Amino acid sequence: MNPENQDPKVVDAALPRRRVDGRFEARPVRVRRIVAVGGGKGGIGKSLISANLGIELARRGHSVVLLDLDLGGANLHTCLGIDHPKETLSDFVERRVPSLERLAVPAGVPGLRLISGSLDSLGAANPLYQQKLRLMRAVNDLDADVAILDLGAGSHFNVLDFFLLADDGVVTVVPEPTSVENAYRFLKAALFRRLKAAQAVHGVSWGIEEAIKAGGTASPMQLLESVRARDAELGALLEREMRAFHPRILVNSVREAADLNLGEGICAAWRRFFGLELTYLGYLRHDPDAWRAGRARRPLLLERQDQPIAEDVAAIADKLLALPVRRES
Amino acid sequence: MSAPTHYEALGVDPGANPREIRAAFERLSSFFDAGSLAVYALVGADAREEEMGRIREAFRILSDPDARAAYDESLGLDTGEIELTDEDILSSVPLSDASSGTQASPPAAPLRGAPGGPRAEPAEDAASEGAASDSVVGSAAVASTAGDAASAASAASFADAAPAATAGSPSSGASSAGAAPTAEAASAIDAASLVGATPAPSAPAPPSAIRPAGPSAAASGEGAAAGSGRGTGPAPEAVGAAASPQGADIVAADAGAGAPEPEAAPAESDASGEPTADPLRIDEDTEFTGALLRALREAKGFTLKDISARTRIGAGHLHNIEEEAFDLLPERVFLRGFVLSYARELKLDATRVADSYLRRRNR
């Protein structure tokens with residue numbers, strides 16, 4: 001019944017063997033699909049969406065791990081209505097706990113687990129580079145069908161790196177100018193972060209950063225042209241990276257009919273002006289009782305399964321699961 | 001980048017009818033007008049206004065029958081009248097709505113309404129589309145009997161909801177390598193993404209829409225093919241032309257997207273014989289040659305005339321595209337438009353196909 005379970009997309013045998021606590025596992029484990037929920041602006045429902053999407057997917061029989069990566073202001077546990085777990089990501093980052101799996105606690109629905117962000121350590125909000133790499137590898141190795149990363153607000157590069165790690169980088173937007181502005185800023189920042197990372201491997205002296213400095217407000221394609229003019233090989237590399245950058249967008253708090261087209265409009269604009277891909281995942285209707293469910297510390301989807309918002313979450317889950325997972329080796 | 005054609009500016013096929021053109025214009029205007037939230041802080045006022053100018057100009061030309069005919073001629077398009085009877089419109093619209101009602105996905109349809117709406121098609125084309133899906137409806141039946149009704153439904157709802165959204169690249173290498181020829185969950189989903197990749201703002205009308213009713217339905221594929229006036233039955237063609245798994249996925253998408261109603265699929269699968277065995281394979285590295293386009297077209301049971309009628313690209317041009325007779329084909333910018341439209345009719349990722357195909361021309 002569950003397409004993900006029979007899914008031959010990720011061939012286990014092809015993956016490297018994995019070491020857990022210093023020992024090789026007989027069968028390598030790797031998370032099948034990583035979803036990151038970001039969006040630049042705070043207070044647009046990233047945590048609520050992560051929690052409810054996690055519940056929906058777990059209900060469909062997927063094993064789901066929610067990661068609260070809002071390291072400075074983790075509160076996904078509150079959205080799920082559970083107590084703050086004793087051990088958090090900072091215990092993993094600072095090596096007090098050897099594996100991420102040990103941090104995962106049941107989150108109220110069979111098949112759903114939560115790994116909480118840290119509330120305690122000041123330094124954990126911005127882990128060191130090596131710590132971050134280790135954390136990213138560990139996320140990749142989680143034993144789950146779906147990992148959902150609830151990202152913090154803003155376009156800090158640590159946030160962007162986890163966004164780019166995901167198979168489905170979901171940008172959340174609400175129908176307000178500030179949110180749309182931040183969403184575009186977030187998308188551009190993520191794109192350039194990706195290009196810079198690819199370029200770093202390539203090793204160049206004049207690349208995308210220099211093009212940005214020289215080009216001012218030029219569009220990504222114009223920047224690409226100016227790089228290509230100087231270095232055709234790098235241009236080709238960056239073009240491949242641009243085409244492979246394929247985020248998703250989700251509109252939250254839709255109140256009126258005019259808002260229904262916002263997601264498609266953003267995709268159309270992104271495509272037309274930047275020549276880049278963006279997939280519209282769907283929208284969530286504004287729910288005046290969302291805050292009430294939050295205050296009762298009960299996730300919306302558990303509390304009110306008959307509400308329109310439950311349909312919206314289900315539609316988004318359908319669409320998400322239908323998207324192919326593409327793994328770069 | 002070359003200037004887009006008026007059709008590209010509005011994101012419609014050259015075969016679009018006046019209603020579709022107006023709908024596309026209104027939709028794009030709502031996205032790109034000065035007060036639109038969708039373009040807030042994305043680009044400068046100049047760039048936005050320039051784009052709106054392009055869209056207005058495209059609409060001005062394409063909404064005027066005389067101007068459009070002259071423009072079509074300059075593009076080298078067939079300038080024949082677009083025939084669309086009221087009956088076609090009536091028959092395709094309600095059926096599409098009905099099919100979305102049968103989906104397992106939540107009944108969000110009313111609020112979620114896809115802009116552009118279902119696309120009305122000439123009966124002949126729709127019938128041939130029905131025939132094409134009949135030839136492979138067996139594989140869809142495999143999926144549903146394997147207990148994957150849910151995945152078929154989600155594929156269907158995805159295709160339905162996808163008009164403007166672009167799916168990922170048409171197929172991931174891993175998935176196409178791993179997919180078995182039978183339409184299992186993964187392939188149905190991949191195939192759905194191919195459907196979703198079609199940028200045309202209209203969801204394909206369900207193949208079942210104009211399927212012959214009554215006794216002829218039992219005759220299935222051949223019956224429908226005969227009804228559409230074509231001699232060759234689509235099923236043998238598909239088997240013959242198809243060579244590897246992914247082709248089945250593509251066609252299965254049509255069947256899956258169009259046939260969520262369980263009673264239709266099994267009945268027809270009996271008559272249509274074995275599911276497509278060795279379909280065409282498409283992965284990330286696939287080069288879209290003229291020969292591949294032809295094979296994909298034939299696998300779907302389309303004749304050149306079918307494609308020509310829908311895209312209004314002359315059958316001669318289409319033939320030359322398949323032959324890669326680049327000397328006989330028009331300028332690059334027009335050729336690109338042709339290939340985009342052609343690829344869309346085959347439910348392929350049009351941009352990717354056009355890029356790949358035009359690279360061959362440059363060699």
Side-chain angles (χ1 to χ4, degrees), chain A residues 1-4 6-11 14 60 175-177 180-182 184-185 217 219 221 243-244 246 248 254 257-275 277-283 285 308 310-312 314-315 318-319 321-327, chain B residues 1 11 27-28 30-32 36-44 47-48 51 104-108 111-115 147-151 153-155 157-159 161-175 177-180 184-186 188-190 192-193 196 199 284:
Chain A
M1 294 303 285
N2 171 357
E4 289 302 293
Q6 303 148 9
D7 191 341
K9 283 175 200 160
V10 180
V11 182
R60 297 184 185 197
E176 292 165 15
V180 174
E181 183 175 17
N182 279 3
Y184 280 131
R185 187 176 296 145
T217 57
S219 77
M221 285 301 159
R243 303 246 177 249
H246 195 152
R248 332 289 190 198
V254 165
D259 297 341
L260 287 177
N261 286 332
L262 178 61
E264 287 187 8
I266 288 174
C267 290
W270 182 252
R271 215 172 286 141
R272 193 160 285 225
F273 290 109
F274 286 1
E277 287 307 328
L278 186 59
T279 292
Y280 178 47
L281 276 188
Y283 61 81
R285 275 167 269 196
E311 292 170 8
D312 297 341
D318 285 344
K319 183 127 190 209
L321 292 177
L323 295 172
V325 174
R326 165 187 275 189
R327 278 294 155 85
Chain B
M1 267 190 280
R27 182 166 161 267
L28 289 177
S30 77
F31 291 165
F32 298 147
S36 165
L37 199 50
V39 287
Y40 184 78
L42 176 64
V43 289
R48 192 197 52 72
E51 190 59 39
S105 66
L111 190 55
R112 201 163 277 273
D148 272 328
S151 74
S154 76
S157 75
F158 178 62
T166 317
S169 66
S171 58
S172 79
S175 65
E184 50 182 278
I189 286 166
D190 273 3
S193 80
E284 286 168 63

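Below, chains carry the letters A, B, ... as their sequence lines are ordered, and counting in each starts from 1. Not measured: the values here are computed from a predicted model.
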Looking at every non-hydrogen atom in both residues, tell me the closest pair between [X] and [Y] and how far apart they are.
X         : Y         : result
Gly265(A) : Ala38(B)  : C-CB, 3.5 Å
Val180(A) : Tyr40(B)  : CG1-O, 3.9 Å
Ala268(A) : Phe31(B)  : CB-CD1, 3.7 Å
Leu37(B)  : Pro175(A) : CD2-C, 3.5 Å

Margin query: If we define contacts as heavy-atom pairs under 4.5 Å, which of Ser36(B), Gly44(B), Ala41(B), Ser30(B) has the most with chain A?
Written below: Ala41(B)

Margin query: Please classify the contact of Arg185(A) with chain B as side chain, backbone, both or neither, using a heavy-atom distance under 4.5 Å.
Written below: neither

